Amino acid sequence: MCLGIPGRIVSIDDAENRLATVDVGGVRRQINIACIVDAEHPPEACVGDWVLVHVGFAMSRIDEAQAAETLRILAELGEAESEIEAMRMTAAS
Amino acid sequence: MKYVDEFRDREKAEALIREINTVVAGIDLARHRPINIMEVCGGHTHSIFRYGLEGMLPKEIELIHGPGCPVCVLPMGRVDDCVAIAERPEVIFTTFGDAMRVPGSKKSLMQAKAAGADVRMVYSPMDALALARKNPGREVVFFALGFETTMPSTALTVLQAEAEGVRNFSLFCNHITIVPTIKAILDSPDLQLDGFLGPGHVSMVTGTAPYQFIARHYRRPLVVAGFEPLDILQSIWMVLKQIRDGRAEVENQYARIVSDAGNAAALAAVGRVYELREFFEWRGLGSIDHSGVRLRAAYAHFDAEKRFAIPNVTIADPSSCQCGEVLKGVIKPWQCKMFGGACNPETPLGALMVSSEGACAAHYQYGGVQRRMGVA
Ligand code: SF4
């Protein structure tokens, strides 16, 4: 829960409530993007962004190369799988 | 240096180790006693053990594994409170998976679930709110746990529940904050710390300003560090250079994620929903002033502590456990008499053996036991 995992925002579901769909290693689920939007970067501008996702909330924007490197490290640490599994568990609910 | 083979950037790692050796050779203090550097965050502890970083560093450097794993410092009494709430028939108790196995004085949440309590693992506090919407006849309680990294997520979930008028949702708030705890450790006479690796993702939210007192008042260097092995080596090198040069500053190695100002939207949500508690109890460390937060009065109707009668008793850690001494870095995990015997990841006695970010579990998992027994 503390390390987070990188994902890519694929669509905005509800701009007013700051809800978007993110793709994390092929698993899609809804996340909250309130912490990465502001006047200069409104929700509509977030599609395609790579973000670091902590417990269902995008906490930071990152670049693509960095996202790939972070995923590689998390996989080595054995964290990526459990994180994606936890996401998958509740993705459908 | 067998672990270095695993690095993609082997040359960089080796170059950093050479640099570290050079800097250490220029530090007078290192001739008299080890240089003690505390990594505050459990994510760092995990990386350090996973990549065997301690074994690569010169022997003059001692890494002290700090209290920055929220699962590891959760006191038994709070686990008992969780179980008491979870056992109420109207309650659906939701939690991150990490907390399921932390021992309480009688049972863990996992054991409570096996005995019939409706305990459900969720990935996000938003999932708990969704459960509340779906089950209007039940009380859905979310076990809010973690440092500033996860605080914004629960704060925003409460704000969302308020906006929607969801009334059968509440938080059992156990969020903690690391800065008062670093201060308590610096004030404790047990240990001489020479520098810190600052937590990466807590700082992503808070920014670097909260650490300034460590540099200014305590005159200790702190470098906010990323989680990759090279990040950690580079950060150690930066701390050592400060020690060599007689500087005490807050530096940021993890600038690709952490800005000095932190995350304004996240901090605003946290400030709206939470206020500091007078004190909070930490497993192994005891009560620390202003080290936890609770819901503000305006959100009291989302506060599980107000909605349900909870036992709220302080339970002393079992006397055989030495978790507190490990947390403060006074002893190494394997020096605890219970380590690897009565206390192991299958049947943890202390919380440091539960989470993979706990020093004892990390040490157990990545060769600590074999190394000590001469197997590897
Ligand atoms: S070995 Fe177990 S009891 Fe001893 S310090 Fe570690 S977690 Fe605590």
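For clarity, every value in this text was computed on a predicted model and none was experimentally measured. Lettering follows sequence order; numbering is per chain, from 1.
Shown here are the salt bridge (charged side-chain N to carboxylate O under 4.0 Å, His left out) partners of B/Arg138, two or more places apart in sequence or in another chain: B/Asp118. B/Glu164 meets the side chain to side chain donor-acceptor pair (under 3.5 Å) test with B/Arg133, B/Gln160; sequence neighbours excluded. Not counting sequence neighbours, the partners of B/Glu228 by the salt bridge (charged side-chain N to carboxylate O under 4.0 Å, His left out) test are B/Arg256.
Proximity of A/Ser60 to B/Asn263: side-chain heavy atoms (C-beta onward) are nowhere separated by under 4.5 Å.
To the nearest 0.5 Å, the span separating CE on B/Met126 from CD on A/Gln30 amounts to 5.5 Å. In this structure, the separation between CD1 on B/Ile257 and CE on A/Met59 is 11.0 Å, given to the nearest 0.5 Å. Taken to the nearest 0.5 Å, the CZ atom of A/Phe57 stands 13.5 Å off from the OG1 atom of B/Thr149. A distance of 9.0 Å separates OG in B/Ser124 from CE in A/Met87, rounded to the nearest 0.5 Å.
With chain B as the partner, the residue from A/Asp38, A/Ile62, A/Asn32 showing the most heavy-atom pairs under 4.5 Å is A/Asn32. Ranked by non-hydrogen atom pairs under 4.5 Å with chain A, the options B/Gly97, B/Ser153, B/Gly42 are led by B/Ser153.
Contact annotation for residues 14-23 of chain A against chain B (heavy-atom separation below 4.5 Å, listed by residue number): A/Asn17, A/Leu19.
Of all heavy-atom pairs spanning A/Cys35 and B/Leu156, the tightest one is SG-CD1, 3.7 Å.
Using a 4.5 Å cut-off between heavy atoms, B/Val205 touches chain A through its side chain atoms alone. Only the backbone of A/Ile31 comes within contact range of chain B, judged by heavy atoms closer than 4.5 Å.
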